[in-house]
Amino acid sequence: MAFLMAFPGNRWVGRRFVVPLVAVAFLGALPWRAAGSVERSVGKQAAEQLEEEIGVVADPALSLWVQRVGFAIVRADAGDARRFSFKILDADDVNAFALPGGYVYVTRGLLRFIDSEDELATVLGHEIAHVTSHHGSKQLKRDLLLSLALTLLRAHLPETVATVGEMGSVLYALRYSRGDERQADALGIQKAARAGFDPAAMVGFLRKLAEREKRQPSRFEIYFMTHPPTAERLERATADPLADARDPAARAAAARGLAARGLYRQAAARYEESLARTPGDAELHLAAAACWEALGRRAEAREERRRARALGARVSDPLPAALPAVLPPIPRSAAVAAKAELAKARESVSAGRARRARAIADTRRGLEDRKRRFRRLLGTLNTAAGSLSLADPVRQKMLQRIGLAVARLEKALGRVESIAEAAHTVPDGLAETAEALGGRLAAASADAEAVEIARAYEPAATRALAELDRSLGDCGKTLRLIDGALRACQVAAQDLAESALVPTRFLMIRYGQITSRIDAAASGAESAERAADAAGLLADAAEARRRVLALDLLGQQTPRPQRPASYALLVRRFGVPERQVEALAAGSAPLGRGAAALLLGMAVRVPLKVSDEPASPGGGKGAPLAADDRPVGSVTIEQAIERRVPLAPLNIALQSLGQDLARENEVAAPR
């Protein structure tokens with residue numbers, strides 16, 4: 001997953017214009033510095049530039065998750081955590097990449113795309129392998145030697161300056177060889193497995209990518225342009241022994257890792273898979289028994305211990321644990337009334353479907369028109385960039401400013417696209433949750449929790465739909481602002497391209513006019529991005545309400561003995577204070593609302609001040625965020641909107657929690 005090819009000429013165009021300036025700092029130093037120092041220097045400057053132009057997701061819960069997974073892999077690999085940094089780029093594209101020197105990034109879009117923590121681990125393992133194998137250093141040496149040779153051959157020509165300038169493009173357009181990518185895939189699987197993650201997740205991740213590539217190639221062009229063919233990688237990953245779902249040792253290792261992360265139900269399933277092929281392993285039976293015990297599934301735990309005892313193991317039954325209180329049944333009339341209220345709410349969800357579909361279609365047509373004009377702008381900028389040299393800092397600075405404006409416009413376009421997508425998926429998700437909730441109310445086991453969730457459904461769904469409609473309506477204003485910014489950027493880019501024909505000493509004659517137009521382009525792009533962010537916040541709020549309702553239902557479906565273990569995912573994964581999660585699991589408050597309030601509380605909590613000095617190996621700036629057990633205040637979605645708290649990280653966290661909770665609730669298949 002080569003980092004630099006994440007910026008092809010037709011996407012994220014602003015990033016490649018300023019890197020020639022980065023190259024200057026290293027041209028003179030390269031002959032005297034060690035490769036590791038060059039890697040860190042290149043990586044540091046590229047990382048700073050990347051984060052400035054794209055932005056980093058600063059949400060503490062989501063950042064902690066990525067850091068914990070990344071550093072777990074580094075430490076299991078006996079690596080020095082101080083060499084690494086793991087961050088989330090605020091981009092919708094599905095991608096991950098590593099800069100030389102240990103700067104590892106995943107995009108927000110990738111976190112939405114993955115289905116499990118194990119998939120995240122295999123992706124990060126691949127990127128860590130690029131760093132530990134020094135693929136960036138090898139590629140830098142190869143490309144720099146080629147560029148220096150070309151410079152020497154052409155030293156007597158006026159183009160020498162331009163050739164040196166092209167070295168910036170070499171540094172920024174390098175990509176790993178196929179051999180490097182194959183090695184990173186193999187090592188990434190090994191590193192993930194060594195850290196206790198399921199390496200078979202790489203197969204599932206690549207298979208899913210291949211399917212989406214067929215259906216929606218445009219949404220994944222960045223990923224597929226920066227990596228080898230997915231089919232080729234999938235074939236190799238499937239053949240890797242560590243990722244073989246039929247291998248008992250591999251399944252047992254994956255089970256131990258899942259159990260260590262508190263995913264006991266999934267761990268038990270992996271032990272079942274391993275025992276199906278090695279039924280005589282008493283230790284595996286005992287490990288499976290421990291998982292069932294942690295879930296409060298006593299019958300399954302006793303059976304596994306009985307089998308271990310039959311195989312000669314010395315087994316002592318644990319002391320019986322206190323069973324959690326069972327909610328008393330509710331009058332049937334209450335369930336019937338709640339079901340009737342739910343039916344009315346379902347009708348309101350369906351009522352505006354046709355009108356909303358028309359608004360989505362209008363938004364997408366307007367979006368496609370702006371995308372076509374955006375691509376024309378990129379062509380003009382590429383022409384301008386190709387005509388500039390590194391020895392022309394005035395024009396390079398102008399190009400950098402236009403590139404930043406273009407980056408803002410691309411974000412605005414991406415936001416509008418995500419709003420249109422949310423307007424389509426959120427009502428469908430609300431309908432699915434209502435149908436499942438109706439089934440729970442119709443069942444004989446309906447309890448007070450199900451009734452409470454049903455009563456909360458109508459106001460939550462109504463607010464979500466209203467927010468979607470407002471967000472769609474605001475897309476019109478955003479697209480008009482994008483229009484104006486596109487025109488301003490096009491004029492500024494054309495001026496810059498034409499100015500390349502003018503000698504630098506005469507540039508000052510037009511300097512004021514060009515900079516004025518660049519100022520207009522930058523201002524317009526900033527306004528468009530602000531409008532898109534405001535509209536996107538409403539769409540994110542609607543999605544959050546939908547995910548909260550779905551998670552409320554999942555939590556209600558979780559057996560009460562199993563809740564402490566399942567709810568503890570909030571602690572292990574996102575760093576929510578343990579006492580508050582324990583109270584949430586023990587009480588009758590719906591899981592979705594409780595989790596969302598705590599995660600948003602973490603997002604607005606003032607972080608602890610920590611020293612930048614590393615106290616021990618792995619404790620430096622790149623180390624995971626320190627555990628913070630201070631109580632978290634509850635923050636509602638409404639309060640988050642008022643405070644302009646980004647809600648996209650919350651949706652990713654709720655999605656991750658919901659995926660694992662659904663798997664934890666599954667019933668074990670018989671052996």
Is the closest side-chain donor-acceptor distance between [X] and [Y] under 3.5 Å?
{"X": "N95", "Y": "T107", "result": "no"}
{"X": "R547", "Y": "Q655", "result": "yes"}
{"X": "Q266", "Y": "E664", "result": "yes"}
{"X": "R440", "Y": "Q556", "result": "yes"}

Would a 4.5 Å heavy-atom cut-off, applied to side chains only, mark [X] and [Y] as touching?
{"X": "R305", "Y": "E293", "result": "yes"}
{"X": "I88", "Y": "P649", "result": "no"}
{"X": "T278", "Y": "L284", "result": "yes"}
{"X": "L538", "Y": "I419", "result": "no"}
{"X": "D540", "Y": "R415", "result": "yes"}
{"X": "V74", "Y": "I128", "result": "yes"}
{"X": "K87", "Y": "S85", "result": "yes"}

For V69 and R261: C-alpha separation, side-chain torsions, deciding distance, then whether side-chain contact (heavy atoms from CB on, under 4.5 Å) applies. CA-CA 11 Å; V69 174; R261 287 178 277 141; over 6 Å; no
Passes side-chain contact (heavy atoms from CB on, under 4.5 Å), V104 versus V66? Steps please. CA-CA 10 Å; V104 179; V66 173; over 6 Å; no
Let's go through K208 and E211 carefully: what are the C-alpha distance in whole Å and the side-chain angles of both, what is the deciding distance for side-chain contact (heavy atoms from CB on, under 4.5 Å) to 0.1 Å, and is it a yes or a no? CA-CA 5 Å; K208 184 172 55 173; E211 288 300 315; 5.8 Å; no
Ignoring hydrogens, what is the shortest heavy-atom contact between [X] and [Y]? Give both atom names and the distance.
{"X": "A662", "Y": "L554", "result": "CA-CD2, 3.9 Å"}
{"X": "A550", "Y": "T433", "result": "CB-OG1, 3.8 Å"}
{"X": "A422", "Y": "P427", "result": "O-CD, 3.8 Å"}
{"X": "V548", "Y": "I637", "result": "CG2-CD1, 4.5 Å"}
{"X": "N651", "Y": "R112", "result": "CB-NH1, 4.2 Å"}
{"X": "V106", "Y": "A96", "result": "CG1-CB, 4.0 Å"}

Can you tell whether the side chains of D447 and R560 come within less than 4.0 Å, N to carboxylate O? no
Salt bridge flag under 4.0 Å for residues D428 and R353: yes
Taking [X] for the side chain and [Y] for the main chain, is one N or O donor matched with an acceptor at less than 3.5 Å?
{"X": "H285", "Y": "P279", "answer": "yes"}
{"X": "K339", "Y": "A454", "answer": "no"}
{"X": "Q639", "Y": "T636", "answer": "yes"}
{"X": "D552", "Y": "R593", "answer": "yes"}
{"X": "T122", "Y": "E119", "answer": "yes"}
{"X": "S274", "Y": "R270", "answer": "no"}

Quickly, which of D59, D90, D93 forms a side chain to side chain donor-acceptor pair (under 3.5 Å) with R108? Name it, please. D90
Apply side chain to side chain donor-acceptor pair (under 3.5 Å) to R643 and list each qualifying residue two or more places apart in sequence or on a separate chain. none
Y457: which residues meet the side chain to side chain donor-acceptor pair (under 3.5 Å) condition with it, sequence neighbours left out?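 With neighbours one apart ignored, the set is empty.
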Looking at [atom1] of [X] and [atom2] of [Y], how far apart are the two atoms once the value is rounded to the nearest 0.5 Å?
{"X": "F205", "Y": "F113", "atom1": "CZ", "atom2": "CZ", "result": "6.0 Å"}
{"X": "Y271", "Y": "E283", "atom1": "OH", "atom2": "CD", "result": "10.0 Å"}
{"X": "F86", "Y": "L64", "atom1": "CZ", "atom2": "CG", "result": "13.0 Å"}
{"X": "W292", "Y": "E300", "atom1": "CH2", "atom2": "CD", "result": "5.0 Å"}
{"X": "L89", "Y": "I54", "atom1": "CG", "atom2": "CD1", "result": "5.0 Å"}
{"X": "E421", "Y": "E543", "atom1": "CD", "atom2": "CD", "result": "8.5 Å"}

Cut-off 3.5 Å, no hydrogens considered: what does the side-chain donor-acceptor table look like for residues 462-471, sequence neighbours left out?
{"unit_1": "T462", "atom_1": "OG1", "unit_2": "E458", "atom_2": "O", "d": "2.8"}
{"unit_1": "T462", "atom_1": "OG1", "unit_2": "E458", "atom_2": "OE2", "d": "2.8"}
{"unit_1": "R463", "atom_1": "NH1", "unit_2": "E638", "atom_2": "OE2", "d": "2.1"}
{"unit_1": "E467", "atom_1": "OE1", "unit_2": "A542", "atom_2": "N", "d": "3.4"}
{"unit_1": "E467", "atom_1": "OE1", "unit_2": "R545", "atom_2": "NE", "d": "3.0"}
{"unit_1": "E467", "atom_1": "OE2", "unit_2": "R545", "atom_2": "NE", "d": "3.2"}
{"unit_1": "E467", "atom_1": "OE2", "unit_2": "R545", "atom_2": "NH2", "d": "2.8"}
{"unit_1": "D469", "atom_1": "OD1", "unit_2": "R356", "atom_2": "NE", "d": "3.0"}
{"unit_1": "S471", "atom_1": "OG", "unit_2": "A535", "atom_2": "O", "d": "2.7"}

In a table with atom names and distances, give each donor-acceptor pair under 3.5 Å that connects a side chain of residues 340-347 to protein atoms at least two apart or in another chain.
none

Only distances under 3.5 Å count here; give the side-chain donor-acceptor pairs of residues 249-260 to other protein atoms, sequence neighbours excluded, each with its distance to 0.1 Å.
{"unit_1": "R251", "atom_1": "NH1", "unit_2": "D198", "atom_2": "OD2", "d": "3.3"}
{"unit_1": "R251", "atom_1": "NH2", "unit_2": "D198", "atom_2": "OD1", "d": "2.7"}

With a cut-off of 3.5 Å and sequence neighbours excluded, list every side-chain donor-acceptor pair involving residues 567-587.
{"unit_1": "R573", "atom_1": "NE", "unit_2": "E117", "atom_2": "OE2", "d": "3.4"}
{"unit_1": "R573", "atom_1": "NH1", "unit_2": "S656", "atom_2": "OG", "d": "2.7"}
{"unit_1": "R573", "atom_1": "NH1", "unit_2": "D660", "atom_2": "OD2", "d": "2.9"}
{"unit_1": "R573", "atom_1": "NH2", "unit_2": "D660", "atom_2": "OD2", "d": "2.7"}
{"unit_1": "Q580", "atom_1": "OE1", "unit_2": "V632", "atom_2": "N", "d": "2.7"}
{"unit_1": "Q580", "atom_1": "NE2", "unit_2": "V632", "atom_2": "O", "d": "2.8"}

I'd like to know whether V645 forms a side-chain contact (heavy atoms from CB on, under 4.5 Å) with L537, so could you lay out the CA-CA distance, the side-chain angles of the two residues, the decisive distance to 0.1 Å, and finally the verdict. CA-CA 8 Å; V645 178; L537 181 62; over 6 Å; no
